[in-house]
Amino acid sequence: ALAERAAKDAAARAGPKAKLDAALAALGPKPELDFSNGFASYRASEALQQAWNGRKAALSKAYRAEMRGKLEAVVDAAPR
């Protein structure tokens, strides 16, 4: 029973995880902080990094919400 449940959980995770991985790949690498040209370049690179972090957080939040729904469906369908 536990192995069957684990298989169902893994199947429920597969689609959303692939979607998250694709979205993160499309987001690209995290911008690095630029210390080369003084404070202005640092602040500009910091703003880029914060925007990237915000987009990643939104993607992760959507993934968790989708997973919560799928895993709850697996639990609800399990025999008691």
Side-chain angles (χ1 to χ4, degrees):
L2 288 177
E4 183 181 334
R5 169 72 188 276
K8 287 182 181 180
D9 285 354
R13 284 185 175 92
K17 179 66 173 146
K19 193 176 356 176
L20 175 65
D21 290 344
L24 290 176
L27 189 57
K30 184 174 184 174
E32 295 195 18
L33 294 175
D34 180 13
F35 297 100
S36 65
N37 293 320
F39 189 69
S41 66
Y42 170 79
R43 292 297 286 176
S45 65
E46 183 182 42
L48 287 173
Q49 197 173 66
Q50 288 175 350
W52 188 92
N53 287 339
R55 290 190 296 270
K56 182 181 179 204
L59 292 171
S60 296
K61 184 177 180 182
Y63 167 76
R64 286 191 305 272
E66 185 175 353
M67 284 305 308
R68 190 174 311 115
K70 288 186 177 284
L71 292 177
E72 285 175 358
V74 169
V75 169
D76 291 343
R80 297 177 196 250

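Computed from a prediction, not measured in an experiment: that's the story for all the values here.
The line from CG of Leu24 to NZ of Lys19 is 13.0 Å long, rounded to the nearest 0.5 Å. With values rounded to the nearest 0.5 angstrom, Gln49 atom CD is found 8.0 Å from Tyr42 atom OH. Arg43 contributes atom CZ, which lies 12.0 Å from atom CG of Leu48 (distance to the nearest 0.5 angstrom). Atoms CD and OG, on Gln50 and Ser45 in that order, are 10.0 Å from each other to the nearest 0.5 Å.
Between Gly28 and Trp52, the closest heavy-atom pair is O-NE1, 3.1 Å. In plain terms, the two heavy atoms of Ser36 and Ser41 that are nearest each other are N-OG, 4.3 Å. Closest approach of Leu27 and Arg55 over heavy atoms only: CD1-NE, 3.4 Å.
Two residues are said to be in side-chain contact when any heavy atoms from C-beta on lie closer than 4.5 Å; Arg64 and Met67 fail this criterion. Residues Lys30 and Lys56 have side chains not in contact (no heavy-atom distance under 4.5 Å, counting atoms from C-beta outward).
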Item to check | Working for salt bridge (charged side-chain N to carboxylate O under 4.0 Å, His left out), residues Glu72 and Arg68 | outcome: CA-CA 6 Å; Glu72 285 175 358; Arg68 190 174 311 115; 5.3 Å; no

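Following chains of ILVMFWY side-chain contacts shorter than 4.5 Å, one can reach Tyr63 starting from Leu59, so the two form part of one hydrophobic cluster.
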